[in-house]
Amino acid sequence: MSTGARVGRPAPAVLVALYFSAALLCWLAATISFVDAAPQLAAAGVAAPEVLLAVHLVGLGFLPLAVTGAVLHVLPTLLRNHASQARGWTALPLLCAGPVLAYAIAHGYDTVTWVAAAVETAGFLVVAWELVALVVGAPHDRMLLASRFGVLLATFHAAVALAVGAGLAEQGWKPLLGIPHDRAIGIHLNLAVLGWLTLLIVTVGRTLTPMLSLAPAAARRRLPVEELVLTGGLWLLVAGLAFGEQALMLAGALLALAAIGVFAVLTARIGREHRLDGLEGPLTHVVTGMFFLLQAAILGVGMLLGLDASPARLTAYVVALLVGWAAGVTLGHLGKLLSLSAWTWWPPGPRPKQAALYPRGVWLVEAIAFAVGIELLVNAVLGGSEGVALLAGMLLVGSAAAACVGAAFTLLAGRRAFRTPPSPAAA
């Protein structure tokens, strides 16, 4: 008889809620920082402290907390394994060092940078331990709903991106292992966004996106082809950046785009076939995120083919790729996953419908404000308009405020579930 778990047990709703709440506070702080950085963004001052603070609040504050909370809820079910409460609770305060690290990097506080980086790294190691444990403990005699290969590779790429970031902080503007500073930043950015976040989105999203949109599931497959192609493309791109070989960079970028294109086709099908009563935040963010990813790809490939890699284009590339695509898709799923966590852990007895825990209208407003704000910000950077950059930042603040309101609604409506019952009601 099989000993594999039939249904994985996700992390408790209260733990997921704390991760998401901390992440949303970081996101709100990041959007306020974008408002403060409007003059520098319009002047393409990518190295200005205000811009560094905003970008690192997204990359070191919001994303680690949001992604960890999401995987603690989603991956145990997809991998048919149980989440570790001990590791989840241990990592939470450690990852909350992210905003401190972002501030220290932006303002050049070396001692604080290394202390906060050590704490954040410890948090990452605990999360990596949890992810490896989920993968290793997944039953081999049952169909899994996410690629173990993709999860492990995404974790590995996050570790390498963190190591490269530490090297950049140590070296300053000097070359890193003989690689010029600007290309080393490109390696760091693409390892984090393509190797960690995008690979995780592709790995988990092929199951999660149709599930949340009430659409037919993706076709079964024997091998994680998209994950393999994306990883191959990423490392060709990294090699090209390391050695300054344009052909390798271009080949890697095109391979990565081909893998993401398969996910884009799946998203388009979901958009046509979903059975939702109306649009919701997750699907809206994935669709608009694909548009921002396309913009980043056009800029990136264009610069590889000879378009002047001006500071404005490089800054716009970072905004579209990191904030519009990676942060946007992650943000769009928080409200839905928070409501699902509350519904899953509802105590014994009558439960509300899941839709009653998710304020769809609030999150749709959030998604629209986010999309308009990011598009305006990309154009403000390219066009050098401080006024448009300021308007974009204010829209992003409004989007973040709406996300906080939506999360607060779910916390209030689902307050009975945000305790730690003996077992989730859905299991």
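One-based numbering along the sequence shown.
Taking His73 as the reference, nothing meets the ring pair (Phe, Tyr, Trp, His ring centres under 6.0 Å) condition, with sequence neighbours excluded. The side-chain contact (heavy atoms from CB on, under 4.5 Å) test applied to Pro39 returns Glu386, not counting sequence neighbours. Shown here are the side-chain hydrogen bond (donor to acceptor under 3.5 Å, both in side chains) partners of Ser399, two or more places apart in sequence or in another chain: Glu366. The ring pair (Phe, Tyr, Trp, His ring centres under 6.0 Å) search around Phe34 returns none, not counting sequence neighbours.
Formation of a donor-acceptor pair under 3.5 Å by the Tyr19 side chain with backbone atoms of Leu92 is found in this model. Side chain of Arg415 to main chain of Leu412: a donor-acceptor pair is present (N/O by atom type, distance under 3.5 Å, no hydrogens or angles). A donor-acceptor pair is defined here as one N or O able to donate and one able to accept, closer than 3.5 Å; such a pair exists between the side chain of Asn81 and the backbone of Leu134. At distances below 3.5 Å, at least one donor-acceptor pair connects side-chain atoms of Thr288 with backbone N or O atoms of His285. Counting only distance, with no hydrogens or angles, the side chain of Trp346 and the backbone of Pro350 share a donor-acceptor pair below 3.5 Å.
Residue pairs meeting the side-chain hydrogen bond (donor to acceptor under 3.5 Å, both in side chains) criterion with at least one member in residues 150-163, sequence neighbours excluded, are His157-Trp235. The side-chain hydrogen bond (donor to acceptor under 3.5 Å, both in side chains) analysis of residues 311-335, with sequence neighbours excluded, yields the pairs Asn190-Tyr317, Thr198-Trp325.
Closest approach of Gly252 to Leu236, counting heavy atoms only: CA-CB, 3.6 Å. Taking both residues in full, the closest heavy atoms of Leu57 and Ser33 are given as CD1-OG, 3.4 Å, listed atom of the first, atom of the second, then distance.
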